[in-house]
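Taking it in order: structure first as structure tokens, then the write-up.
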Amino acid sequence: MPRSNRPKRNRGQSDEVPELNLDAVRAGIKRIEIKNGVEYCVQTTTGARADDDKVWVCPHCHLNITKGVAHTVAWDAHRDVATRRHFHNACWKSFQGKLL
Ligand SMILES: [Zn+2]
């Protein structure tokens with residue numbers, strides 16, 4: 001029985017390292033982002049868990065975010081979660097203002 005003397009899995013480790021952060025995002029783990037010196041709690045959501053047919057209005061582009069659309073939820077870390085707003089993922093990235 002011939003044996004391979006060059007194991008192919010030798011460098012397999014490099015595949016696994018970058019996955020960590022993605023998993024955290026998919027699981028909707030809360031993180032902190034700072035914009036304009038304001039700390040925001042940020043959470044990504046798939047939108048699939050919305051109980052009703054809730055529609056959010058993105059404060060950045062003023063377009064609707066409908067159920068099932070993956071998006072970003074953010075709120076002021078030093079104020080109440082009442083400041084929580086739903087953003088399109090791309091809109092959150094370009095959002096630089098303050099939550100009202
Ligand atoms: Zn938007």
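All values below come from the heavy atoms of this structure, side chains included, with hydrogens, waters and symmetry mates left out. For ligands, and for the atoms within them, numbers begin at 1 and follow the listed sequence.
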Set of residues satisfying side chain to side chain contact (heavy atoms under 4.5 Å, CB included) with respect to Asn64, sequence neighbours excluded: Val55, Val57
N/O donor-acceptor pair under 3.5 Å between His71 side chain and Val69 backbone: yes
Evaluation steps, side-chain hydrogen bond (donor to acceptor under 3.5 Å, both in side chains), between Trp92 and Glu33: CA-CA 11 Å; Trp92 172 249; Glu33 282 187 31; 2.9 Å; yes
Residue and atom, protein N/O/S, under 2.8 Å of the Zn ion (ligand 1): Cys58 SG, Cys61 SG, His88 ND1, Cys91 SG
Sequence-distant partners of Glu39, salt bridge (charged side-chain N to carboxylate O under 4.0 Å, His left out), two or more places apart: none
Any donor-acceptor pair under 3.5 Å from Asn89 side chain to Thr72 backbone: yes
Test ring-ring contact (aromatic ring centres under 6.0 Å, His included) applied to His88 - qualifying residues, sequence neighbours left out: none
